[in-house]
Protein chains: 2
Amino acid sequence: MAYTVGQVAKAARVTVRTLHHYDGIGLLSPSGRTPAGYRRYDDADLERLQHIRFYRELGFPLEEIAVILDDPDADPAAHLRRQHDLLSGRIGKLQEMVAAIEIAMEARRMEINLTPEERFEVFGDADPEEHAEEARQRWGDTEAYRVSTRRAASYSKEDWLRIKTEQDNWGRRIVAALTAGTPADSAEAMALAEEHRQLIVRWFYDCSYEVHTGLADMYLADPRFTAYYEKIAPGLAEYLAEAIHANAISRA
Amino acid sequence: MAYTVGQVAKAARVTVRTLHHYDGIGLLSPSGRTPAGYRRYDDADLERLQHIRFYRELGFPLEEIAVILDDPDADPAAHLRRQHDLLSGRIGKLQEMVAAIEIAMEARRMEINLTPEERFEVFGDADPEEHAEEARQRWGDTEAYRVSTRRAASYSKEDWLRIKTEQDNWGRRIVAALTAGTPADSAEAMALAEEHRQLIVRWFYDCSYEVHTGLADMYLADPRFTAYYEKIAPGLAEYLAEAIHANAISRA
DNA sequence: CTCCGGCCTGCCGCGACGTGAGGGTCAAGC
DNA sequence: GCTTGACCCTCACGTCGCGGCAGGCCGGAG
């Protein structure tokens with residue numbers, strides 16, 4: 001099986017120029033040429049390109065990729081394992097960022113404001129960087145984003161007042177439940193947890209049950225959020241967290 | 001709160017040069033200067049920088065970030081929502097890649113070989129790109145990778161023979177269980193599923209219960225893998241998948 | 001008053017291609 | 001056999017997001 005640059009480019013979703021570049025720096029030289037000087041790639045070349053693309057997507061510089069691929073100690077299976085581990089790591093990092101965003105969202109909602117140092121904690125110690133083709137397509141000009149934008153942008157003074165009233169109302173009722181000794185896994189407490197979630201969904205952001213339990217855990221783990229609830233009523237943070245968990249489980 | 005370039009750089013983990021650059025292109029100009037011409041950043045500048053860093057990490061070009069941040073329709077909460085969605089998308093994509101890697105691993109293990117087109121299916125239609133600082137630190141020179149590399153690199157002819165024998169042995173026993181009508185959720189079938197997992201762990205790669213059930217689903221979803229098992233014995237793919245699920249649940 | 005660390009403004013360089021310019025190649029259809 | 005259009009070739013300069021250095025100006029500590 002022999003392929004021309006164009007065919008390879010199309011299959012691998014890179015430009016012809018990129019293949020020329022890889023050839024130029026000796027990272028991926030086609031296994032042969034036609035009499036006319038056309039590049040001819042074979043299956044082995046394609047496999048190599050696949051690996052190049054993979055490491056490139058994870059941000060490795062070309063020079064380093066050359067080293068990795070030419071390592072005589074690493075066979076294909078080893079590459080797959082390595083790639084699997086790299087991906088897991090990346091996912092973990094992104095999940096941390098998601099968690100950080102959720103914290104920031106809740107912080108806003110509760111009007112806790114983060115210190116400058118806290119703002120950058122998210123970025124930990126590493127620094128990916130991606131080519132935003134997908135991002136642009138998905139968010140650059142979609143209706144979804146416009147809608148999502150409008151939702152918060154258009155809060156008026158009355159809206160804010162309404163939100164505050166609803167929250168206070170909910171607050172009074174859950175404190176009542178807590179002081180009355182209503183169990184956190186009772187139908188009443190669960191209903192209040194669900195109301196809490198609905199409140200977030202209606203006014204702030206889309207909060208799935210999964211995200212909601214994540215928030216619950218955070219209320220206990222993060223002293224700023226714990227303090228917020230404990231100031232309303234001692235024991236409320238834990239009570240709410242428990243109710244949220246119970247509610248989420250019952251809906252699953 | 002006013003900060004110097006150096007302080008901001010340290011907090012945000014960027015270089016002073018980067019801040020100069022952002023100033024130069026007008027993306028982030030400090031809110032003021034000292035009489036001597038020193039840049040002075042305030043809290044609002046920091047917040048803006050945080051967002052810049054975020055979108056940058058997701059690969060947006062600076063020009064586009066400027067557009068996003070200067071959009072009068074998007075308030076801070078909208079940005080958080082957008083960022084949350086972007087992250088979810090990225091994670092989803094990485095998870096697809098993980099799945100693809102797992103397929104490739106299993107394909108190797110079963111000696112099914114993928115066509116060139118299949119090799120690049122992983123890359124779908126987008127193309128991230130990350131700066132591999134983290135990757136390098138984690139994998140460039142760690143012991144873990146060396147070990148992981150060695151495992152497969154050092155398979156000898158006898159090893160391969162041994163692997164084949166073990167697999168055949170296991171195959172005969174599960175076919176026996178299937179034809180004998182042993183239920184897939186019986187202790188015996190589950191033990192065979194566990195053995196299947198152990199076989200992968202011992203010789204190929206680290207296969208958690210989660211990954212294992214993922215494989216099980218794949219055996220049913222992907223005709224190539226289904227065929228592999230169905231050729232051994234009709235109904236085996238489904239039988240094994242069911243046993244794997246039962247086994248995973250019982251161990252959770 | 002003198003350091004030393006931090007700040008300033010240029011300005012050149014680099015990695016990984018993008019983007020033509022200028023020209024040869026090849027298969028299909030007339 | 002000849003044209004046409006898609007595809008290929010090799011330079012070679014342009015771009016983006018900074019890195020890094022030169023040459024010089026602050027500013028507080030000793």
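Side-chain atoms are counted along with the backbone in the values below, which use heavy atoms only and exclude waters and symmetry mates. Proteins get letters first, then strands, A, B, ... in listed order; numbering begins at 1 in each.
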To the nearest angstrom, how far is [X] atom [atom1] from [N] atom [atom2]?
| X | N | atom1 | atom2 | answer |
| --- | --- | --- | --- | --- |
| His21(B) | dC21(D) | NE2 | P | 19 Å |
| Lys10(A) | dA6(D) | NZ | P | 13 Å |
| Phe60(B) | dG17(D) | CZ | P | 13 Å |
| Tyr22(B) | dG19(D) | OH | C1' | 13 Å |
| Leu19(B) | dG17(D) | CG | P | 15 Å |

Side chain to side chain contact (heavy atoms under 4.5 Å, CB included) partners of [X], counting only residues at least two apart:
| X | value |
| --- | --- |
| Gln7(B) | Tyr3(B), Thr4(B) |
| Val16(B) | Val5(B), Ala9(B), His20(B) |
| Ala36(A) | Thr34(A), Tyr38(A) |

Protein N or O to nucleotides 19-21 of chain C N or O, pairs below 3.5 Å:
residue : atom : partner  : partner atom : Å
dT19(C) : O4   : Arg17(A) : NE           : 2.8

#### Entry: With Thr15(A) via side chain to side chain donor-acceptor pair (under 3.5 Å) - residues at least two apart
Thr18(A)
## Note on the structure
Those residues at least two apart in sequence (or on a different chain) that pass side chain to side chain donor-acceptor pair (under 3.5 Å) with Tyr209(B) are Glu194(B), Arg197(B)
Would you say the side chain of [Y] lies within less than 4.5 Å of the side chain of [X], judging by non-hydrogen atoms?
| X | Y | answer |
| --- | --- | --- |
| Val14(A) | Tyr22(A) | no |
| Asp71(B) | Ile68(B) | no |
| Lys93(A) | Glu57(B) | yes |

### Message
Can you list, in residue-number order, the parts of residues 23-31 of chain A that come under 4.0 Å of DNA chain C, counting heavy atoms only?
### Response
none
### Query
Between Thr18(A) and dG18(C), does any side-chain N or O lie under 4.0 Å from OP1 or OP2?
yes
### Query
Quick one: what's the B/S/- string for nucleotides 3-8 of chain C, heavy-atom cutoff under 4.0 Å, read 5' to 3'?
---BSS
### Task
Hey, can you tell me if His196(A) and His212(A) have their rings parallel, tilted or perpendicular (30° and 60° cut-offs)?
parallel
### Query
Can you list the residues that meet the salt bridge (Lys or Arg N to Asp or Glu O under 4.0 Å) rule with Asp23(B), with sequence neighbours excluded?
Arg33(B), Arg39(B)
### Task
For Thr34(A), report the nucleic acid contact type (base, sugar-phosphate, nothing); a contact means any heavy atom under 4.0 Å.
nothing
### Task
May I ask you to check whether Arg48(A) and Tyr41(A) show a side-chain donor-acceptor distance below 3.5 Å?
no
